[in-house]
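As structure tokens, the structure follows; a few thoughts come after it.
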Amino acid sequence: MTDREAIIDHTRSWGRAYLNGDIDDILRHYSDDALMISFDGIIAKGHDKIRKIYELWLNVGNPLELNYETVDVVVYGDMAYHVLKWHGVFQEPYGNEMMCGACQSVLKRQENGQWLWVSEIVCADIDSREVLEDMPNNSTNLHVI
């Protein structure tokens, strides 16, 4: 398997974990000190804070469908840059909502050969601040821009 194929497979594996709502499995795709910037303005560093983002997202509505297309993968030694476009249908309190966006990730090859995300920026076509304002404060210890 080429590095490109391994990185794309890594993303597919994350997608299965996300669709299953398995946060522990989701987190195994990130390095322990990964940095994530979410489309709703939250910056999180490390598994504990990234977990809170996924708990927040899955509390709002489980994904019913998720599709993505790799735009580019650039590998340089043990570092890689992955850009993808995504779209999905998400369960909302008042019906299903289609969302789309892009994701830019930096990955690092671990000593065991596995690729893990060390930073990720997730962009979406919605502003979820209204949803966040209506929810209990699940973003404790997260920095909200």
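Keep in mind that what you see is a predicted model, and the values were worked out from it rather than measured.
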**Under the ring-ring contact (aromatic ring centres under 6.0 Å, His included) test, residues paired with His47 that sit two or more places apart** = none

**Item:** Worked verdict on Cys103 versus Tyr68 for side chain to side chain contact (heavy atoms under 4.5 Å, CB included)
**Value:** CA-CA 10 Å; Cys103 183; Tyr68 34 86; over 6 Å; no

**Prompt:** Would Leu66 and Trp14 count as a side chain to side chain contact (heavy atoms under 4.5 Å, CB included) if you check the C-alpha gap in whole Å, the side-chain angles of each, and the deciding distance to 0.1 Å?
**Reply:** CA-CA 11 Å; Leu66 185 61; Trp14 169 88; 3.7 Å; yes

**From Leu58 atom CG to Asp22 atom CG, the distance as rounded to the nearest 0.5 Å** = 10.0 Å

**Asked** Under the salt bridge (Lys or Arg N to Asp or Glu O under 4.0 Å) rule, what pairs show up with a residue in residues 3-15, not counting sequence neighbours?
**Response** Asp3-Arg109

**Request:** Side-chain contact test, heavy atoms from C-beta onward, threshold under 4.5 Å: evaluate it for Val74 versus Val83 and give yes or no.
**Result:** no

**Which residues share a side chain to side chain contact (heavy atoms under 4.5 Å, CB included) with Glu69, sequence neighbours left out** = Lys85

**Message:** Taking the side chain as everything from C-beta on, heavy atoms only, tell me whether Leu35 gets closer than 4.5 Å to Ile43.
**Reply:** yes

**Message:** Between Gln110 (side chain only) and Lys108 (backbone N and O only), is there a donor and an acceptor less than 3.5 Å apart?
**Reply:** yes

**Flag side-chain contact, heavy atom, 4.5 Å: Leu56 against Ile42** = yes

**Message:** Can you tell me how far apart OG1 (Thr70) and CG (Leu84) are? Round to the nearest 0.5 Å.
**Reply:** 6.0 Å

**Asked** Would Leu19 and Ile50 show up in the same hydrophobic cluster when neighbours are defined by side-chain heavy atoms closer than 4.5 Å?
**Response** yes

**Asked** When you look at Met79 and Val106, which way does the side chain to side chain contact (heavy atoms under 4.5 Å, CB included) test go after all the steps?
**Response** CA-CA 7 Å; Met79 300 297 292; Val106 175; 3.6 Å; yes

**Item:** All side-chain hydrogen bond (donor to acceptor under 3.5 Å, both in side chains) counterparts of Asp32, not counting sequence neighbours
**Value:** none

**Request:** Return yes if some donor-acceptor pair links the side-chain N/O of His82 with the main-chain N/O of Ser105 below 3.5 Å, else return no.
**Result:** no

**Prompt:** For Tyr54 and Met36, what are the C-alpha separation, side-chain angles and deciding distance, and is it a side chain to side chain contact (heavy atoms under 4.5 Å, CB included)?
**Reply:** CA-CA 11 Å; Tyr54 282 107; Met36 180 181 189; 3.8 Å; yes

**Message:** For the CD1 atom of Ile7 and the CE atom of Met1, what is their distance to the nearest 0.5 Å?
**Reply:** 11.0 Å

**Prompt:** Between atom CZ of Arg28 and atom CD1 of Ile23, what is the distance when rounded to the nearest 0.5 Å?
**Reply:** 14.5 Å

**Partner set under salt bridge (Lys or Arg N to Asp or Glu O under 4.0 Å) for Arg51, not counting sequence neighbours** = Asp24

**Request:** Answer whether the closest heavy-atom distance between the side chains of Leu107 and Tyr81 falls below 4.5 Å.
**Result:** no

Enumerate donor-acceptor pairs with a distance under 3.5 Å from any side-chain N or O in residues 111-120 to protein atoms, sequence neighbours excluded.
residue: Asn112; atom: OD1; partner: Gln114; partner atom: N; Å: 2.9
residue: Glu120; atom: OE1; partner: Tyr30; partner atom: OH; Å: 2.5

**Message:** Please check this pair: side chain of Trp86 against backbone of Cys123, looking for a donor-acceptor N/O pair closer than 3.5 Å.
**Reply:** yes

**Message:** Measuring from atom CG of Asp25 to atom CG of Leu27, what distance do you get when rounded to the nearest 0.5 angstrom?
**Reply:** 9.0 Å

